Amino acid sequence: MITKQKGTYDVYGLDAKKRKYVYDVIDAICEKYNYTYIETPIFEASELFHRSVGDSSDIVRKETYDFTDRGNRNITLRPEGTASIVRSFIENKMYGNLSEPVKVYYVGPMFRYERPQSGRTRQFTQFGFELIGSDDVLSDAEVISLSYNIYKLLGLDVKIRLNTLGDNESRNNYREALVNYLKPNIDKLCDDCKERININPLRILDCKVDKDSEILKNAPKTLDYLNEESLNRFNKLKEYLELMDIDYEVDTNLVRGLDYYNHTVFEVIANIKEFGNENVLGGGGRYNGLVEMLDGPSTPAIGFAMGLDRTILAMETKETKFDIKDNIDVYIMYGNDEEKETASYILQDLRLNGFIAETDYMNKQFKNQFKSADRFKAKYLIILKNDDLKDFKVTVKDNLTKEEELVNINDLVDYLDMKL
RNA sequence: GCGAGAUUGGUGAAGUGGUUAACACGCCGGAUUGUGGCUCCGGUAUGCGUGGGUUCGAUUCCCACAUCUCGCCCCA
């Protein structure tokens with residue numbers, strides 16, 4: 001037997017319905033915020049991710065699915081969505097008319113070569129959105145607002161963890177101060193951190209091993225190194241978030257794994273005891289330098305991405321209601337070939353008129369057709385009998401009250417419309 | 001990349017170095033030649049993750065591998 005690849009999964013049955021429900025909620029709210037749907041390829045030139053996500057991030061250093069295709073091209077299965085969107089923005093010259101920012105959202109599979117565990121698979125689904133072309137703080141607030149409200153609509157209690165890295169000047173000043181502070185103490189930190197100090201010192205702040213270390217607690221804070229403009233931005237953002245009644249807290253140790261962020265960075269945190277790190281349901285931030293870094297015109301942008309699988313898991317843990325339709329309107333029962341023929345066109349008629357209709361395709365005996373109808377949770381049964389069909393009538397049975405009524409076939413649609 | 005535990009029909013599972021792998025659910029058939037969901041009877045794994053090994057004999061013991069689950073790391 002050929003089995004699925006490690007860290008992948010099939011989605012079907014109830015799981016598929018839950019997924020579709022989440023998709024529907026996402027589609028609806030993105031529409032309200034006036035974001036449009038975008039699809040980009042699942043594989044891209046490897047270089048795209050090396051340059052955008054950053055060679056210093058673990059994602060690119062050891063988690064990408066890389067291969068060369070038959071034309072000897074270096075290909076990578078996308079580990080995240082933003083890089084592709086920015087590539088598409090540049091390649092399709094969406095910057096040509098930026099009288100309004102480009103606002104897009106995507107849903108699709110991402111790939112990271114990792115050891116699977118709860119809430120983490122090698123192929124996973126991310127939903128994300130990007131707002132490209134505005135540096136206005138209100139756009140930061142909008143992105144956080146949309147991130148926040150999606151979870152609210154899905155019935156999850158979440159909190160925004162917020163920080164700012166400042167502009168390049170602030171970030172560089174801070175980086176320098178941090179390195180100077182950490183260098184003398186580096187021996188006391190974990191091995192990973194010893195490596196990080198050279199390639200990505202900010203990440204040390206987020207280290208899980210050293211998180212309780214006095215050294216990190218006393219480390220210089222990003223906020224103290226912001227220049228005036230960056231600080232004003234941050235204060236303005238907090239003001240907007242308060243006006244929007246968004247539950248957030250500032251955490252100066254929040255940096256993010258990807259290299260391309262500046263100014264605003266944030267995460268969406270659930271509060272589920274048994275989840276641990278999985279409580280990070282999504283994250284995002286501003287990446288004003290990325291478009292230019294990928295050979296586009298200097299363009300400010302901000303975005304967010306969330307793990308769909310993890311979000312659904314959180315909803316299940318919280319016993320959040322999924323609004324799922326799991327019953328059908330009508331089940332048609334018959335006993336012989338003549339009645340079966342009648343069933344075929346009644347079925348057609350009902351479906352074209354908007355009813356969810358089913359019948360038996362297994363040549364079940366009559367009593368098992370009842371069982372099937374129950375399994376489908378049919379609200380009404382239509383029972384075909386030759387005797388009634390002579391008068392062009394069928395029995396309609398309310399499967400809840402068990403009441404039956406003889407209805408003319410031509411009146412069926414109207415009759416069911418009235419009842420349902 | 002490191003560590004721990006699992007793997008028996010469609011499902012939940014019990015079990016043993018040796019004839020027919022328990023039980024339950026589900027499904028199918030019958031009692032009941034077209035109005036059921038109750039009941040009763042019958043049927044339903046030539047198979048115990050894969051490949052080796054030990055043995056007269058392995059689903060059961062040993063080894064390797066795969067996959068799953070859960071940690072660490074990392075992230076969403």
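Here is the naming used below: chain letters follow the sequence lines, and residue numbers restart at 1 for every chain. These numbers come from the heavy atoms of this one structure, side chains and all, not from hydrogens, waters or symmetry mates. Predicted model, so just to flag it, every value in this text is computed and none were measured.
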Under 4.0 Å between a side-chain N or O of [X] and OP1 or OP2 of [N]?
{"X": "A/Gln126", "N": "B/A76", "value": "no"}
{"X": "A/Arg203", "N": "B/C75", "value": "yes"}
{"X": "A/Thr3", "N": "B/U67", "value": "no"}

Any residue meeting side-chain contact (heavy atoms from CB on, under 4.5 Å) with A/Pro300, in chain and number order, not counting sequence neighbours: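 Here the qualifying residues are A/Asp135, A/Arg286, A/Asn288.
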With A/Phe111 via side-chain contact (heavy atoms from CB on, under 4.5 Å) - residues at least two apart: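 With sequence neighbours excluded, A/Phe111 shows a side-chain contact (heavy atoms from CB on, under 4.5 Å) to A/Ile42, A/Tyr65, A/Leu77, A/Pro109, A/Gln123, given in chain and number order.
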Protein-nucleic acid N or O pairs under 3.5 Å, nucleotides 26-34 of chain B:
unit_1 : atom_1 : unit_2   : atom_2 : d
B/C27  : OP1    : A/Arg375 : NE     : 3.1
B/C27  : OP1    : A/Arg375 : NH2    : 2.7
B/G29  : OP2    : A/Asn368 : ND2    : 2.5
B/G30  : OP2    : A/Gln365 : OE1    : 2.7
B/G30  : OP2    : A/Gln365 : NE2    : 3.1
B/G34  : O6     : A/Asn336 : ND2    : 3.1
B/G34  : O6     : A/Glu339 : OE1    : 2.9
B/G34  : O6     : A/Glu339 : OE2    : 2.4
B/G34  : N1     : A/Glu339 : OE1    : 2.9
B/G34  : N1     : A/Glu339 : OE2    : 3.0
B/G34  : N1     : A/Leu384 : O      : 3.2
B/G34  : N2     : A/Leu384 : O      : 2.4

Just the rounded figure in Å: distance from [atom2] of [N] to [atom1] of [X].
{"X": "A/Glu80", "N": "B/C74", "atom1": "CD", "atom2": "C1'", "answer": "15 Å"}
{"X": "A/Tyr9", "N": "B/U69", "atom1": "OH", "atom2": "C1'", "answer": "17 Å"}
{"X": "A/Leu254", "N": "B/C75", "atom1": "CG", "atom2": "C1'", "answer": "13 Å"}
{"X": "A/Arg310", "N": "B/C75", "atom1": "CZ", "atom2": "C1'", "answer": "6 Å"}
{"X": "A/Gln117", "N": "B/C75", "atom1": "CD", "atom2": "P", "answer": "13 Å"}
{"X": "A/Phe124", "N": "B/C74", "atom1": "CZ", "atom2": "P", "answer": "16 Å"}
{"X": "A/Arg161", "N": "B/C75", "atom1": "CZ", "atom2": "P", "answer": "11 Å"}

Contact residues, residues 17-25 of chain A to RNA chain B [heavy atom, < 4.0 Å]: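 Those residues whose heavy atoms fall under 4.0 Å from RNA chain B, taken from residues 17-25 of chain A, amount to none.
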Lys NZ or Arg CZ of A/Lys236 over A/Tyr240 ring: under 6.0 Å, within 45°: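 Yes; both conditions hold, so A/Lys236 lies above the ring face of A/Tyr240.
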Sequence neighbours excluded - salt bridge (charged side-chain N to carboxylate O under 4.0 Å, His left out) pairs with any residue from residues 30-40 of chain A: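 Output for this query is empty, none listed.
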Inter- and intrachain pairs under salt bridge (charged side-chain N to carboxylate O under 4.0 Å, His left out), touching residues 111-125 of chain A, at least two apart: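 Listed once each, the pairs are A/Glu114-A/Arg120.
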Which heavy-atom pair separates [X] from [Y] by the least distance, and what is that distance?
{"X": "A/Asp326", "Y": "A/Lys17", "answer": "CA-NZ, 3.9 Å"}
{"X": "A/Leu202", "Y": "A/Arg175", "answer": "CD2-CA, 4.4 Å"}
{"X": "A/Ser52", "Y": "A/Leu294", "answer": "CB-CD1, 4.2 Å"}

Whichever of A/Leu381 and A/Val268 has its nearest RNA chain B nucleotide further upstream toward 5':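 In this pair, the answer is A/Leu381.
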Toward the 5' end of RNA chain B, by each residue's nearest nucleotide, A/Tyr113 or A/Lys402: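 In this pair, the answer is A/Tyr113.
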Contacts of type side-chain hydrogen bond (donor to acceptor under 3.5 Å, both in side chains), residue A/Lys152, not counting sequence neighbours: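 If we apply the side-chain hydrogen bond (donor to acceptor under 3.5 Å, both in side chains) test to A/Lys152, skipping adjacent residues, there are no hits.
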Whole-angstrom distance between [N] and [M], as gauged at atom [atom1]:
{"N": "B/U46", "M": "B/G10", "atom1": "P", "result": "9 Å"}
{"N": "B/C48", "M": "B/A31", "atom1": "C1'", "result": "36 Å"}
{"N": "B/U55", "M": "B/U60", "atom1": "P", "result": "16 Å"}
{"N": "B/G43", "M": "B/G3", "atom1": "P", "result": "50 Å"}
{"N": "B/A14", "M": "B/U54", "atom1": "C1'", "result": "27 Å"}
{"N": "B/A13", "M": "B/G17", "atom1": "P", "result": "23 Å"}
{"N": "B/C61", "M": "B/G15", "atom1": "P", "result": "13 Å"}
{"N": "B/C72", "M": "B/U8", "atom1": "C1'", "result": "32 Å"}

Side chain of A/Lys6 (C-beta onward), nearest among B/C70, B/C68, B/A76: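 Nucleotide nearest to A/Lys6's side chain: B/C68.
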Out of B/C75, B/U35, B/G71, whichever nucleotide has its closest atom nearest the side chain of A/Phe370: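 Comparing B/C75, B/U35, B/G71 against the side chain of A/Phe370, the answer is B/U35.
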Salt-bridge present (A/Arg51, A/Asp295; N to O < 4.0 Å):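 Salt bridge present between A/Arg51 and A/Asp295.
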NZ/NE/NH1/NH2 to OD/OE distance under 4.0 Å, A/Arg233 and A/Asp167: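 Judged by the 4.0 Å cut-off on N to carboxylate O distance, A/Arg233 and A/Asp167 do not form a salt bridge.
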Mark yes or no for a side-chain to base donor-acceptor pair under 3.5 Å between [X] and [N], with no hydrogen or angle criteria applied.
{"X": "A/Arg120", "N": "B/C70", "result": "no"}
{"X": "A/Glu114", "N": "B/A76", "result": "yes"}
{"X": "A/Glu404", "N": "B/U35", "result": "yes"}

Paired and unpaired positions of RNA chain B as dot-bracket, Watson-Crick or G-U wobble under 3.5 Å, | denoting a partner strand: ((((((((.[[[..)..(....]]]((((((.......))))))....[[[[[..)....]]]]])))))))....
Touch class at under 4.0 angstrom, heavy-atom based, for A/Gly119 against every strand present: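 Here A/Gly119 touches the bases of the nucleic acid.
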Sugar-phosphate only, base, or nothing, as touched by A/Gly7 at under 4.0 Å among non-hydrogen atoms: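 Sugar-phosphate only.
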A/Tyr37/A/Tyr106 aromatic ring centres below 6.0 Å: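 No - the distance between ring centres of A/Tyr37 and A/Tyr106 does not fall below the 6.0 Å cut-off.
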Ring centres under 6.0 angstrom apart (A/Tyr148, A/Tyr248):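 Here the rings of A/Tyr248 and A/Tyr148 have centres that are no less than 6.0 Å from each other.
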Counterpart residues, ring-ring contact (aromatic ring centres under 6.0 Å, His included), relative to A/Tyr174 (two or more places apart):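 In terms of ring-ring contact (aromatic ring centres under 6.0 Å, His included), with neighbours along the sequence ignored, A/Tyr174 is linked to A/Tyr225.
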Residues in ring-ring contact (aromatic ring centres under 6.0 Å, His included) contact with A/Tyr151, at least two apart in sequence or another chain: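 So A/Tyr151 forms no ring-ring contact (aromatic ring centres under 6.0 Å, His included) with any residue.
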Syn/anti label of B/G17 as read from its glycosidic torsion, with the cut at 90° from 0: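 Anti for B/G17; the angle lies over 90° from 0.
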B/G9 glycosidic torsion: syn (within 90° of 0) vs anti: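 With its glycosidic angle within 90° of zero, B/G9 counts as syn.
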Quick test: give all pairs of protein nitrogen or oxygen and nucleotides 2-9 of chain B nitrogen or oxygen below 3.5 Å, distance rounded to 0.1 Å.
unit_1 : atom_1 : unit_2   : atom_2 : d
B/C2   : N4     : A/Arg115 : NH1    : 2.8

Side chains of A/Tyr105 and A/Asp27, donor plus acceptor under 3.5 Å: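 Looking only at side-chain atoms, A/Asp27 and A/Tyr105 do form a donor-acceptor pair, the distance falling under 3.5 Å.
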Within residues 330-339 of chain A or reaching into it, pairs that qualify as side-chain hydrogen bond (donor to acceptor under 3.5 Å, both in side chains) - sequence neighbours excluded: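 Found A/Asn336-A/Glu339.
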